[in-house]
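Positions are given from 1 along the sequence.
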Amino acid sequence: VHPFEFKAFEQSADELISPKMWDDYQQQVAWGTISPSYYNSWGGDDMNIWTPSYNWLGYVHHFLSLIDELQPTGVTEDDKAQYKAECYFLEAYYHFRVLQAFGPCPLITEKVDPNITNDQIPGRSHFDYCVDYIVGKLDDAANVLPATRATEDLGRATSTICKCLKARVLLYAASPLWNGSFFKPDWQNENYETPDYGKELVSNSYDREKWNRALTACQEALTAAKAAGHDLFDIDTANKKAERDGVELPFIPGKEEDTPENEEFKERVRMFQYLITANEGDNNKEIIWGQRIDSDVNNGGEATDSRLPNRVVKKSDGSWAGGWAGLAPTLYAVQHFYTENGELPEQDSDFYPKSEWYTRFYEGTSSPELATNGLDSEDVKNDIIKLNAKREARFYAWIAFDGCEYAKKINNGNPLWLNFKNTNTNGWRSSDSRNIAGTGYLSKKFIDPNIRFSASGTRSHTPSRRPFIRMAELYLNLAECYAALDDTPNAIENLNVIRKRAGVRDLETADLTDMNITEWVRNERFIELYEEGHRYYDLRRWAIAPQMLKAGLRYGLNGLALNPNFEEFNTPTQIDQPFKWDDRLYLLPVWSRSDMDELYSNPQMVQAPGY
């Protein structure tokens, strides 16, 4: 259960959309149609978090109940202590995954007798009580576990991971939704009581001390991560990886001239591509906790299919190989990556006026002729719009747009140039209307820069270890705590660590006019952690989801038109999907399917508000 799956509910925020016809789990959430009875065979238990988390908690407690009882041969007392500590970490992690998605949850603290009566099944515990339990387990685990793991044990719990997860838990707990601004203040248990809290499930008064507690945990997490040898990924490391892979510098509009500044900019773009795809074996020290996911495999996998353009290479038999063109950034996302000056396009006085955003960057050029029996060529760059020029490195690393060079070797050793206006190549076509989202953009995040399709259609690429926790988050968590505690200088200092790596200028106090420090923190988080599963929770815990996810806000370019001309395509167009917000979407509903009736035979359980 992870936030990276292309149909995970975490993909339902304002970062990107999927094709309407997919009708997947994340879309049910984005469209506000999710219900306690919703069950999709494409997602099922793997997606819903609740069922697998409690199943796995059962396995953890079963293991803990046996480890002392059975006295397994060859297992030392030190081994046992390690295994138990890993179990405590898993207890904390599974409970937190439920807590962040479903809110106050039942705490399963020991092995449950399968013969217990219904009235013995616990109900939801108060949110703060759950937080304290989770943090306690993480502390217990961190006291025993090593700070790092050998290569063969990567992914197993460490004390460093424990401290970083604790920081995230306490940051969430200090956030507005759980710190005095819950949307349904009268929601409470009907008959189950939490020790010291009674029937209350959320605290309805603000407590500044929660931010102080989070700040301390965030400081301890960063200190621990540095001591364990973790560091921000850098250009030098990426260059060495690119040299091994034989991946040249990318094409960037306006950076054609061979100057040291342009070369460094392109190296930075390539660095951000590798930041999210290079593994620990590539000397990527940024990953604190990474895992391979089921849909990421060597030379294949749906995680890559969902991102790739429909047509990548024309095979020797005349048919095409490619992906689903499914994960498409919104115009909101495109407009909230920074310019090369480190400001929002709308607020950067050195950037183009809004009236010119959708006009040609290469003025005086014209659209290339549409390819009919092959792929479009480099001259499609004539159609790059000004909104997609003079942008920061992360934009070019993670966002693909009309006229861009998608990847260096992907087309049988050659670059792929995207033309989203051409039905014969990367554009919408009625013969495959299911697999294209049509915003005029595609997500390139998690695409190996070294990806290559051969003329036979086989592809080669290495899957990344998806970063559940990485160094950049720790700085952003710290910045958020400082901002909430009105310590602007320290908030700026931590933001500037991330901005410096992004290659944009330092933020200064003078910049806090159009955007206050909290807004700068939130936007930096949007960019840096783009599509890593954070945005879904961030909009909710900040209690701004109603404004950000309501109907009528999600736009793209006009990418679902058939062979549109330049002007038709580059028209901001409301996305034809029934997006809406209802406050009940703050929390997922607890599932009640025909084969899960035991949940609702639990008289202690109350449903999430509004379901």
Side-chain angles (χ1 to χ4, degrees), residues 9-10 12-14 29-30 32 34-36 49-50 53 95-107 122-135 166-215 217 477 480-481 483-485 518 521-522 525 533-550 580-591 604-611:
F9 62 84
E10 285 96 344
S12 67
D14 54 356
V29 176
I34 198 77
S35 74
I49 301 268
W50 183 278
S53 294
H95 276 114
F96 176 58
R97 286 291 277 139
V98 175
L99 184 75
Q100 63 178 350
F102 294 88
C105 63
L107 293 175
R124 296 179 188 262
S125 287
H126 191 284
F127 186 89
D128 295 348
Y129 189 84
C130 293
V131 167
D132 288 343
Y133 177 80
I134 291 166
V135 165
K166 174 181 175 179
R168 189 188 295 179
V169 173
L170 291 175
L171 176 78
Y172 279 33
S175 301
L177 186 67
W178 304 113
N179 195 2
S181 299
F182 191 71
F183 69 100
K184 187 80 171 160
D186 57 349
W187 182 51
Q188 60 177 32
N189 279 323
E190 291 169 10
N191 51 31
Y192 186 77
E193 298 197 2
T194 309
D196 300 325
Y197 291 94
K199 293 178 181 174
E200 187 180 86
L201 285 172
V202 293
S203 299
N204 289 312
S205 57
Y206 174 73
D207 181 2
R208 183 181 171 90
E209 188 49 42
K210 288 181 178 177
W211 281 112
N212 283 317
R213 187 183 183 194
L215 175 65
N477 290 350
E480 187 172 340
C481 290
L485 291 165
T518 297
V521 167
R522 290 177 178 182
R525 194 174 171 91
H534 296 269
R535 182 71 171 172
Y536 176 94
Y537 301 109
D538 286 349
L539 291 177
R540 285 162 171 78
R541 67 186 177 85
W542 295 331
I544 60 172
Q547 299 94 278
M548 303 302 294
L549 301 179
K550 66 185 178 183
K580 68 175 183 182
W581 176 263
D582 184 295
D583 278 351
R584 70 179 191 166
L585 294 168
Y586 270 114
L587 302 180
L588 286 179
V590 178
W591 314 121
Q604 326 291 353
M605 175 64 69
V606 293
Q607 183 54 284
Y611 293 98

Asker: Evaluate the criterion side-chain contact (heavy atoms from CB on, under 4.5 Å) for residue pair L587 and F102; output intermediate values, then yes/no.
Answerer: CA-CA 5 Å; L587 302 180; F102 294 88; 5.8 Å; no
Asker: With sequence neighbours left out, what residues match N204 under side chain to side chain donor-acceptor pair (under 3.5 Å)?
Answerer: none
Asker: Over all heavy atoms of both residues, which pair between A608 and P589 is shortest? Give the atoms and the distance, please.
Answerer: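 The answer is CB-CA, 4.5 Å.
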Asker: Can you confirm whether Y133 sits close enough to S125 that some side-chain heavy atom of one is under 4.5 Å from a side-chain heavy atom of the other?
Answerer: no
Asker: Suppose we call two aromatic rings close when their centres sit under 6.0 Å apart. Are F96 and Y172 close by that rule?
Answerer: yes
Asker: Please examine the side chains of M605 and P106, heavy atoms only from C-beta on, and report whether any two atoms are closer than 4.5 Å.
Answerer: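 Yes. Closest side-chain heavy atoms under 4.5 Å.
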Asker: Show your reasoning for whether side-chain contact (heavy atoms from CB on, under 4.5 Å) applies to F127 and L201.
Answerer: CA-CA 6 Å; F127 186 89; L201 285 172; over 6 Å; no
Asker: Mind jotting down which residue pairs meet the side-chain hydrogen bond (donor to acceptor under 3.5 Å, both in side chains) criterion with at least one end in residues 188-201? Sequence neighbours excluded, please.
Answerer: H126-E200
Asker: Listed by chain and number, what are the side chain to side chain contact (heavy atoms under 4.5 Å, CB included) partners of A484, not counting sequence neighbours?
Answerer: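 Listed in chain order: W211.
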Asker: Is a donor on one side and an acceptor on the other found under 3.5 Å between the side chain of W178 and the backbone of S203?
Answerer: no
Asker: Going by salt bridge (charged side-chain N to carboxylate O under 4.0 Å, His left out), name the pairs with one or both residues in residues 536-547, residues two or more places apart or in two chains.
Answerer: E480-R541, R525-D538, D538-R541
Asker: For R213, give me all partners under side chain to side chain donor-acceptor pair (under 3.5 Å), at least two apart in sequence or on another chain.
Answerer: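 So R213 forms a side chain to side chain donor-acceptor pair (under 3.5 Å) with D132.
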Asker: Can you name the residues that form a side chain to side chain contact (heavy atoms under 4.5 Å, CB included) with S181, not counting sequence neighbours?
Answerer: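 S181: side chain to side chain contact (heavy atoms under 4.5 Å, CB included) contacts with P176.
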Asker: How long is the straight-line distance from CZ of R522 back to CG of L539, given to the nearest 0.5 Å?
Answerer: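 It comes to 9.0 Å.
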Asker: Per the side-chain contact (heavy atoms from CB on, under 4.5 Å) rule, which among N212, L170, L171 passes with C481?
Answerer: L171
Asker: Excluding sequence neighbours, so at least two apart, what forms salt bridge (charged side-chain N to carboxylate O under 4.0 Å, His left out) with R535?
Answerer: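 Partners of R535 by the salt bridge (charged side-chain N to carboxylate O under 4.0 Å, His left out) criterion, ordered by chain and then number, come out as D14.
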Asker: Quick one: closest heavy-atom pair of V202 and P104, and the distance?
Answerer: CG1-CG, 4.1 Å
Asker: So, using ring-ring contact (aromatic ring centres under 6.0 Å, His included) as the criterion, who are the partners of Y537 when residues are at least two apart?
Answerer: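 Partners of Y537 under the ring-ring contact (aromatic ring centres under 6.0 Å, His included) test: none.
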Asker: With sequence neighbours excluded, tell me which residues meet ring-ring contact (aromatic ring centres under 6.0 Å, His included) with Y586.
Answerer: F183, W581
Asker: Starting at CG of L588, measure out to CD1 of I49 and round the result to the nearest 0.5 Å.
Answerer: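 Output value for this atom pair is 8.0 Å.
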Asker: Applying side chain to side chain donor-acceptor pair (under 3.5 Å), name anything that partners N179, two or more places apart in sequence or on another chain.
Answerer: none
Asker: Please determine whether side-chain contact (heavy atoms from CB on, under 4.5 Å) holds for the pair W542 and T518, giving the CA-CA distance in whole Å, both sets of side-chain angles, and the decisive distance to 0.1 Å.
Answerer: CA-CA 11 Å; W542 295 331; T518 297; over 6 Å; no
Asker: Treating K184 as the side-chain partner and G610 as the backbone partner, does any N or O pair qualify as donor plus acceptor under 3.5 Å?
Answerer: no
Asker: Please name all residues satisfying side chain to side chain contact (heavy atoms under 4.5 Å, CB included) with R584, sequence neighbours left out, ordered by chain then number.
Answerer: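 Side chain to side chain contact (heavy atoms under 4.5 Å, CB included) list for R584, sorted by chain: D582, Y611.
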